[in-house]
Each structure stands twice: as C-alpha cells, then as structure tokens.
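First the structure, in the form of structure tokens, and then the observations on it.
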Amino acid sequence: MRSSLSVVSRRAQPNDAQLNKDQLLARLQARTAAVGIIGLGYVGLPLALLFNEESVPVRGFDVDAQKVDVLSQGGSYIHRIPASEIQVARERGFAATADFSKLAEVDVIIICVPTPLNEHRDPDLSYIVKTAEAIAPHLRAGHLVILESTTYPGTTEEVLVPILENNNPQRIKACRATIAPDGDFYVAFSPEREDPGNDTVARREIPKVVGGLDPKAAELGSALYGSIFNRVVQVSTPAAAEMTKLLENIYRCVNIALVNELKLLCLRMGVDIWEVIEAASTKPFGFQPFYPGPGLGGHCIPVDPFYLSWKAKHFDFHTRFIELAGEINTAMPYHVLRSVVDALNERQKSLKGAKILVLGIAYKKDIDDLRESPSLTIIELLRKQGAEVSYNDPYFPFVGKGRKYDLGMHSVPLDNLGQYECVLIVTDHSDYDYPKIVRDSQLVVDTRNATRGITAKNVVRC
Ligand SMILES: NC(=O)c1ccc[n+]([C@@H]2O[C@H](COP(=O)([O-])OP(=O)(O)OC[C@H]3O[C@@H](n4cnc5c(N)ncnc54)[C@H](O)[C@@H]3O)[C@@H](O)[C@H]2O)c1
C-alpha cells in the first residue's frame with residue numbers, strides 16, 4: 001500500500017519556483033503528490049474518493065467535526081456513498097481532519113466549499129473567504145491551490161489570491177503570467193461538473209476544465225486532473241473556467257424556463273407538452289430536451305446564474321435572460337398551488353382544511369438533497385392557505401430546519417392514501433408505484449408527468 005501522506009518540508013524559495021514546479025509536476029505524474037480537499041460535501045467527498053481509487057494520496061478537511069467523525073469511523077453521510085466505500089478508502093490511506101495545520105503536509109489544496117446566495121440574493125463568498133484565511137497560515141512555496149466552488153468570473157484572482165498572498169506569514173506570492181512569473185505558489189480554477197443521481201456517465205468520462213493563473217498552474221492542474229479524468233480541457237484563465245461553469249448552468253436554467261413557460265401555454269391550449277418534447281427530441285441535430293417541473297431546485301441551477309448577474313452589474317450590464325428565466329422558474333410553485341386549488345375546486349372542495357400529501361421532498365428524483373427544493377416552497381404555500389400537509393420521501397425520514405425553512409415534519413407511510421383530499425407528486429422518485437398511487441388516491445396532481453401512460457379521471461397533470 002502507498003503511504004497516504006508523504007510530508008515534504010520545503011521553505012519559501014522565491015527563486016526556485018521553476019524547480020518547485022518541476023518537482024511537483026513529477027510528483028503529480030507519478031501520483032505521489034498528496035492532495036488535500038477542503039469541504040467534504042456532495043462535491044468534495046466523491047472527488048476525494050476518486051483520487052483515492054486512483055491511488056493518489058488524499059486527505060479531506062472540513063470544519064464540520066461531525067462529518068469528520070463519521071468518516072473517521074468509516075461511516076458515510078451521503079446516501080449514494082455507502083459506508084463500505086469509505087472503509088475501503090480508509091484502508092487505502094484516506095483520512096479526514098478538521099486540523100488545517102495538516103495542509104502544510106499536502107502538495108495540492110482543492111477547495112470545494114459552498115457558494116450560496118445571501119438574503120438579498122447576492123453571492124455569499126464567506127465560505128471561500130474563510131477557507132482562504134484558513135489556508136494562508138499554512139501556505140508554502142510549491143503549493144498548488146485550486147478552487148472548485150462555482151462562482152462568478154474573477155473570484156479566484158480578485159478574492160482568493162489576495163487573501164492567500166496577504167495572510168501567509170512568509171509573504172510568498174502566486175505565480176502570475178505577467179506580474180509575478182517567478183511567484184512561489186500556483187493557483188487555478190476548475191469547475192465541478194457532477195450531475196447528482198446520473199449514473200449513465202462515469203465520473204472520469206466527464207472532461208475537466210482547468211484555467212490556471214499562469215501557464216505553470218495550468219500545466220500542474222492538468223497533470224493533477226489527468227490522473228483521475230480521461231480528458232482535461234485547458235482554458236486561458238481562471239475567469240474563463242469560472243465563466244464556463246456559469247454558461248453551462250445558465251444554459252440549463254434558461255432552457256428549463258423556456259419549457260416551463262411553454263408548458264403553461266400548452267395547458268391552456270390543451271396540448272400535451274411532454275408529447276411535444278418527446279417528438280422534438282427525435283430531431284438528430286439542433287435540439288436538446290429539457291423538461292418542465294414544479295420549479296427549480298438544487299444548489300446550482302437556482303443559484304449560480306445570480307452570481308453572474310451580480311457581477312455583470314459591475315460592468316453596467318443587465319443579464320436579461322437570467323432575470324427572465326429566474327422570474328418564470330420561481331413562479332412555478334405558485335402554478336402548482338393554483339393547480340391544486342383548481343383541482344379541488346372542480347371536486348367542490350376547498351384547500352383550506354384539506355389533507356394534502358406531498359410526494360417527494362428532494363429537489364429531483366432518486367437523490368438525498370433538498371437544497372432549494374420546490375417541495376419546500378410548495379409545502380409552505382399550501383400551509384399558508386390552510387391545508388393540512390404531510391409528505392413522503394424515502395430519502396428524508398425527517399425534515400427539520402434549514403436556512404430558509406423550518407418544517408419539523410416526519411415522512412408518513414404510503415398506506416391509506418384515500419384519506420388525503422389530494423396526493424401531489426412533486427418529486428418523481430423511481431421507487432414509487434405510480435399505478436397503485438393513482439388507484440388508492442382520491443385525487444392525484446402530477447407536476448412531473450410521473451403518471452404518464454395512466455388514464456384515470458382522478459389524475460390532473462400540471
Ligand atoms: N452538489 C452539486 O451537485 C454541485 C455540482 C457542481 C458544483 N457544485 C459547487 O460545489 C461547491 C460545493 O458544493 P457542495 O454541494 O459539495 O456543498 P456541500 O454543502 O455539500 O459541502 C460543502 C462542505 O464544505 C464544508 N465547509 C464549509 N465551510 C468550510 C470551511 N470554511 N472550511 C472547510 N470546510 C467547509 C461544509 O461543512 C460541507 O461539508 C459549491 O460551490 C457548489 O455550487 C455543487
């Protein structure tokens with residue numbers, strides 16, 4: 001077994017940055033460079049496991065002591081990562097810690113911390129800032145620091161690098177192509193492209209985009225990711241890599257808004273939008289299907305576009321597509337509410353006092369992530385109108401308090417569905433038996449076309 005962390009003691013030697021780069025490159029190519037991953041969440045933990053699988057020495061860092069404890073005991077807190085995978089990784093040398101002084105022992109530092117929006121829907125970079133401040137005291141010449149958190153173009157250069165440079169005790173500098181070609185440490189940005197719940201593409205098949213602050217950082221970053229990904233795509237700057245990620249997510253956000261709007265029109269016209277999308281998808285070029293739903297969810301699509309619109313304002317630029325898509329997508333839970341009210345009304349019932357069962361609280365099917373889930377908004381809206389709401393989700397036995405909600409609800413069993421005035425499908429988990437749900441329920445309102453192929457009078461698709 002390879003030694004998990006080879007400690008290399010090196011001092012700041014501003015004049016031999018080139019040598020450091022070659023040494024590091026040789027280590028990366030030999031897979032002996034030690035990698036430290038900060039932030040062991042949905043992105044950081046799978047990335048750590050991927051390095052570990054490929055025999056790259058890796059150590060995880062997190063401020064959440066509970067997560068560190070779970071991993072140290074060979075457990076997992078992410079549904080799709082079984083504990084056995086953590087145990088195998090630990091046998092191969094993977095360890096997690098909350099002790100940031102251990103950063104001095106790794107050669108590469110990858111940052112995978114959250115980048116949410118604050119209460120004004122502006123970027124909240126506090127996690128990146130705190131992480132940079134935690135790295136700086138342990139920074140040394142030859143370190144390669146890579147930011148993976150999704151953020152606006154300019155973050156790496158304008159936020160991360162200044163904190164690292166101004167707070168490290170040795171006052172070492174980052175290598176920049178023009179200003180400091182002989183700098184001491186290397187910096188790059190490389191976006192994460194994971195698609196939670198998607199098992200059709202192997203992780204290493206997803207090309208990895210890398211933008212270095214200078215060509216040396218780009219070369220080092222490419223060598224690092226080349227050990228775990230089949231293809232690395234170099235772009236000229238960290239800003240280009242930051243923008244690449246945002247383009248990908250804005251593309252999704254805008255196209256989802258487009259089909260959501262067309263769905264509303266189709267409903268009025270009596271046309272089945274799902275049938276239309278299926279037919280359009282047969283075109284072998286120039287069309288990619290996107291699907292309507294109850295609203296956007298997840299950490300990325302509802303959040304990331306606003307990182308760019310915020311930054312665009314500094315350039316006196318108004319990102320109209322992003323704003324319009326945001327407007328349409330955030331209105332979808334209200335459309336769902338309206339559809340439930342109408343369906344009950346049709347049956348001479350009112351929402352006030354009605355027992356409603358929401359199926360699925362995760363933001364999309366078959367995953368254990370409820371961040372920004374439209375279910376949360378829909379439950380809140382239904383409750384505000386006086387409905388008595390329950391939920392079922394095999395991935396969430398209990399939902400307590402989050403940043404924007406405070407539900408305190410337990411998942412209820414799927415028996416006795418007839419007691420509910422309405423069963424509302426918000427997340428189309430594969431485990432649900434939809435024909436049985438339709439059979440056993442008084443009324444089913446389906447926001448995902450999960451009941452496709454079922455013809456029944458008690459089904460309303462919205
Ligand atoms: N989840 C996804 O599918 C996905 C996909 C692509 C990109 N991203 C981006 O990746 C980044 C991370 O997302 P995530 O889903 O893994 O988030 P997450 O909340 O699941 O995990 C973040 C981890 O960082 C830790 N953390 C917070 N502050 C820290 C600090 N100062 N030092 C060390 N650890 C700290 C948290 O405890 C947590 O374990 C975000 O920028 C996100 O936009 C996420």
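A quick note: this is a predicted structure, and the numbers were derived from the prediction, not measured. Just so you know, ligand 1 is whichever comes first in the structure, and atom 1 is the first atom listed for that ligand. Just so you know, residue 1 is the first one in the sequence shown, and it goes up from there.
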Heavy-atom gap Arg371 to ligand 1 smaller than 4.0 Å:
yes
Less than 4.0 Å is my threshold; does some heavy atom of Ala134 fall inside it relative to ligand 1?
no
Which residue owns the protein heavy atom closest to atom 36 (C) of ligand 1, what's the atom, and how far is it?
Asp62 OD1, 3.5 Å
Are His299 and Tyr42, when compared by the centres of their aromatic rings, separated by less than 6.0 Å?
no
Does Glu192 come within less than 4.0 Å of Arg203, counting only side-chain N to carboxylate O?
yes
Is Lys311 paired with Glu242 through a side-chain N to carboxylate O contact shorter than 4.0 Å?
no
Is the terminal nitrogen or CZ of Lys102 (NZ for Lys, CZ for Arg) located under 6.0 angstrom from the six-membered ring centre of Phe61 and within 45° of that ring's axis?
no
Name the closest protein heavy atom to atom 7 (C) of ligand 1, giving the residue it belongs to and the distance to 0.1 Å.
Thr150 OG1, 3.5 Å
In plain terms, say whether Lys364 and Asp195 are close enough for a salt bridge, that is, a side-chain N and a carboxylate O under 4.0 Å apart.
yes
Does a salt bridge link Asp107 with Arg140, judged by any charged N lying under 4.0 Å from a carboxylate O?
yes
Note: Glu192, heavy atoms under 4.0 Å from ligand 1, region reported as both
Looking only at protein heavy atoms, what sits closest to atom 3 (O) of ligand 1 is Pro196 CG, 3.3 Å
Do any nitrogen or oxygen atoms of Lys67 come within less than 3.5 Å of a nitrogen or oxygen of ligand 1?
yes
